[in-house]
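First the structure, in the form of structure tokens, and then the observations on it.
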Amino acid sequence: QAQVVESGGGSVQAGGSLRLSCAASAYIYSSRCMAWFRQAPGKEREWVARLYTGSDVEYYATSVKGRFTISQDNAKNTVYLQMNSLKPEDTAMYYCAAARSPGLGCYNRVVGDFTYWGQGTQVTVSS
């Protein structure tokens, strides 16, 4: 069964750190573009970071580059998002997603390219 499950959200003060985890079923993890998105109330879902599992291909949104790091543990079928120097504007529901098919590649992917989504984990950053 294809499944994506996020964990690790919480509340922190500005400047703090959190690490999110995304555990995916083996069926949808291997050779797949995996991504983190976020959505704040009243705003559209936006891409944060993505990687291609089993490779060193990574991409970051400009707003998080240098503060967030996406990584993978292929033995655990898990993708992580380490978030440092958090700002109030990082407050959002964070979602992990897997692309609709393996081998699709990770370059220039949009929301519609991702088929498998987790339930989301809330991140709240206070000033």
Side-chain angles (χ1 to χ4, degrees):
Q1 181 178 359
Q3 191 174 16
V4 176
V5 180
E6 308 98 333
S7 62
S11 297
V12 295
Q13 291 192 325
S17 298
L18 283 172
R19 188 176 83 154
L20 306 183
S21 298
C22 170
S25 53
Y27 170 74
I28 61 171
Y29 181 86
S30 180
S31 297
R32 186 89 61 158
C33 184
M34 301 287 294
W36 286 98
F37 290 81
R38 66 186 181 187
Q39 188 167 19
K43 295 188 176 181
E44 291 187 356
R45 190 166 298 190
E46 64 174 357
W47 158 71
V48 174
R50 57 181 184 260
L51 59 73
Y52 193 82
T53 58
S55 80
D56 58 0
V57 173
E58 300 176 1
Y59 301 97
Y60 295 92
T62 301
S63 59
V64 306
K65 198 167 186 178
R67 300 188 298 122
F68 291 12
T69 302
I70 191 170
S71 62
Q72 57 189 293
D73 184 336
N74 296 325
K76 297 181 178 180
N77 295 337
T78 299
V79 172
Y80 302 97
L81 185 68
Q82 177 66 44
M83 306 185 294
N84 298 329
S85 302
L86 282 161
K87 304 175 181 181
E89 51 263 44
D90 294 318
T91 295
M93 185 72 78
Y94 282 70
Y95 298 91
C96 180
R100 63 179 181 270
S101 61
L104 188 62
C106 231
Y107 180 73
N108 204 26
R109 291 292 161 219
V110 296
V111 171
D113 292 322
F114 294 86
T115 299
Y116 306 98
W117 291 85
Q119 79 289 347
T121 186
Q122 178 68 37
V123 171
T124 302
V125 185
S126 58
S127 58

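For this chain, numbers begin at 1 and follow the sequence in order.
Taking the side chain as every heavy atom from C-beta outward, Arg38 and Asp90 approach each other to under 4.5 Å. Between Ser31 and Tyr52, some side-chain heavy-atom pair lies under the 4.5 Å cut-off. Contact annotation: the side chain of Phe68 approaches that of Leu86 to within less than 4.5 Å [non-hydrogen atoms, C-beta and beyond].
The main-chain N or O of Ser11 is never found under 3.5 Å from a side-chain atom of Gln122 such that the two would form a donor-acceptor pair. Side-chain N or O atoms of Arg109 include none that pairs as donor or acceptor with a backbone N or O of Ala35 at under 3.5 Å. Checking side-chain atoms of Thr91 against main-chain N and O of Val125 turns up a donor-acceptor pair under 3.5 Å. Using modelled atom types, no side-chain atom of Glu58 and backbone atom of Ala49 make a donor-acceptor pair closer than 3.5 Å. Side chain of Thr53 to main chain of Arg32: a donor-acceptor pair is present (N/O by atom type, distance under 3.5 Å, no hydrogens or angles). Under the 3.5 Å distance criterion, the side-chain polar atoms of Ser25 are matched with a main-chain donor or acceptor of Gln3. With Glu6 contributing its side chain and Thr121 its backbone, the two residues share no donor-acceptor pair below 3.5 Å.
Residues Val110 and Ile70 do not share a hydrophobic cluster, clusters being chains of Ile/Leu/Val/Met/Phe/Trp/Tyr side chains in contact below 4.5 Å. If you chain together hydrophobic residues whose side chains sit under 4.5 Å apart, Leu81 and Val12 fall into the same group. Residues Val48 and Met34 share a single hydrophobic cluster, defined by chaining ILVMFWY side chains whose heavy atoms lie under 4.5 Å apart. Note: the hydrophobic cluster containing Leu18 also contains Val64 (ILVMFWY, side chain heavy atoms under 4.5 Å, direct or indirect links).
The minimum heavy-atom distance between Pro88 and Ser126, with the atom names listed, is CG-C, 4.5 Å. Among all heavy-atom pairs drawn from Cys106 and Leu51, the shortest one is SG-O, 3.3 Å. Residues Met93 and Gly120 share a closest heavy-atom pair of SD-C, 3.7 Å.
Ring orientation note: the planes of Trp117 and Tyr95 are nearly perpendicular, at an angle over 60° on the 30°/60° scale.
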Discussion item. Quick one, Val4 with Cys22, criterion side-chain contact (heavy atoms from CB on, under 4.5 Å). Give me CA distance, side-chain angles, the key distance, then yes/no.
Written reply: CA-CA 7 Å; Val4 176; Cys22 170; 3.4 Å; yes
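Residue Trp36 holds its CH2 atom at 4.5 Å from CG of Leu20, rounded to the nearest 0.5 Å. Once rounded to the nearest 0.5 Å, the distance linking SG of Cys33 with OH of Tyr59 reads 8.5 Å. Taking CD1 of Ile28 as the reference point, atom CZ of Phe114 lies at 11.5 Å (rounded to 0.5 Å). With values rounded to the nearest 0.5 angstrom, Arg50 atom CZ is found 6.5 Å from Asn108 atom CG. The distance from atom CE of Met83 to atom CZ of Arg19, rounded to the nearest 0.5 Å, is 11.5 Å. The distance from atom OH of Tyr94 to atom OG of Ser7, rounded to the nearest 0.5 Å, is 15.0 Å.
Side-chain polar atoms of Asn74 and Tyr29 form a donor-acceptor pair below 3.5 angstrom. At a cut-off of 3.5 Å, with distance as the only test, no side-chain donor of Gln82 or Tyr80 sits close to an acceptor on the other residue.
Atom CD of Glu44 has 12 or fewer neighbouring heavy atoms from other residues, nucleotides or ligands inside a 6.0 Å radius.
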